[in-house]
Amino acid sequence: MSAIFNFQSLCVVVLLLICTCAYLHMNTPLASFMDRNKDGSMVMFWRFARIGERLSPWVSLACIAMGVWLLM
């Protein structure tokens, strides 16, 4: 089943995107590339990185909750 139609899979995909974009923005030279491209199709990755940086305690709690939910 596609991740779009399954809520649990959609949550996993969105959390993975947020965590991956925030990690790449903070720890690689890709940050300048993301900051330059704030329009077009790359704006989505920049926004996910901003969400991961600014809401990191909530994102980490969501990742823990999703991990527990998947293990049950």
Side-chain angles (χ1 to χ4, degrees):
M1 184 179 266
S2 177
I4 295 172
F5 300 116
N6 188 355
F7 181 71
Q8 184 178 3
S9 298
L10 180 67
C11 289
V12 169
V13 169
V14 169
L15 281 173
L16 285 174
L17 269 172
I18 289 172
C19 293
T20 303
C21 290
Y23 177 79
L24 289 175
H25 190 264
M26 293 174 79
N27 295 327
T28 62
L30 195 62
S32 62
F33 178 72
M34 278 184 171
D35 287 337
R36 276 186 281 142
N37 295 321
K38 292 182 185 173
D39 55 349
S41 62
M42 292 298 292
V43 72
M44 180 180 68
F45 299 114
W46 179 80
R47 286 183 182 165
F48 279 137
R50 288 291 159 210
I51 291 170
E53 290 171 358
R54 293 182 181 170
L55 299 175
S56 59
W58 295 105
V59 171
S60 63
L61 286 175
C63 287
I64 291 169
M66 185 60 64
V68 169
W69 187 22
L70 288 174
L71 289 176
M72 292 179 111

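Following chains of ILVMFWY side-chain contacts shorter than 4.5 Å, one cannot reach I64 starting from L70, and the two form parts of different hydrophobic clusters. The cluster map of Ile, Leu, Val, Met, Phe, Trp and Tyr, joined by side-chain heavy atoms under 4.5 Å apart, puts M26 and M44 in different clusters. When hydrophobic clusters are built by joining Ile, Leu, Val, Met, Phe, Trp and Tyr residues whose side-chain heavy atoms come closer than 4.5 Å, directly or via intermediates, V68 is not grouped with V59.
From C11, atom SG reaches atom CG of N6 across 9.0 Å, with rounding to the nearest 0.5 Å. Taking CG of L16 as the reference point, atom CZ of F48 lies at 11.0 Å (rounded to 0.5 Å). Remark: I51 CD1 to S56 OG distance equals 12.5 Å, nearest 0.5 Å. Atom CH2 of W46 sits about 8.5 Å away from atom NE2 of H25, to the nearest 0.5 Å.
Residue W69 qualifies as enclosed at atom CH2: its count of foreign heavy atoms under 6.0 Å is above 12.
Checking L61, L15, V14, L71 one by one against M66, the side-chain contact (heavy atoms from CB on, under 4.5 Å) holds for a single residue, L15.
Within the 3.5 Å criterion, the main-chain N or O of L17 finds no donor-acceptor partner in the side chain of T20.
Y23 places none of its side-chain heavy atoms less than 4.5 Å from the side chain of C19.
Here R50 pairs with D35, E53 under the salt bridge (charged side-chain N to carboxylate O under 4.0 Å, His left out) rule; sequence neighbours left out.
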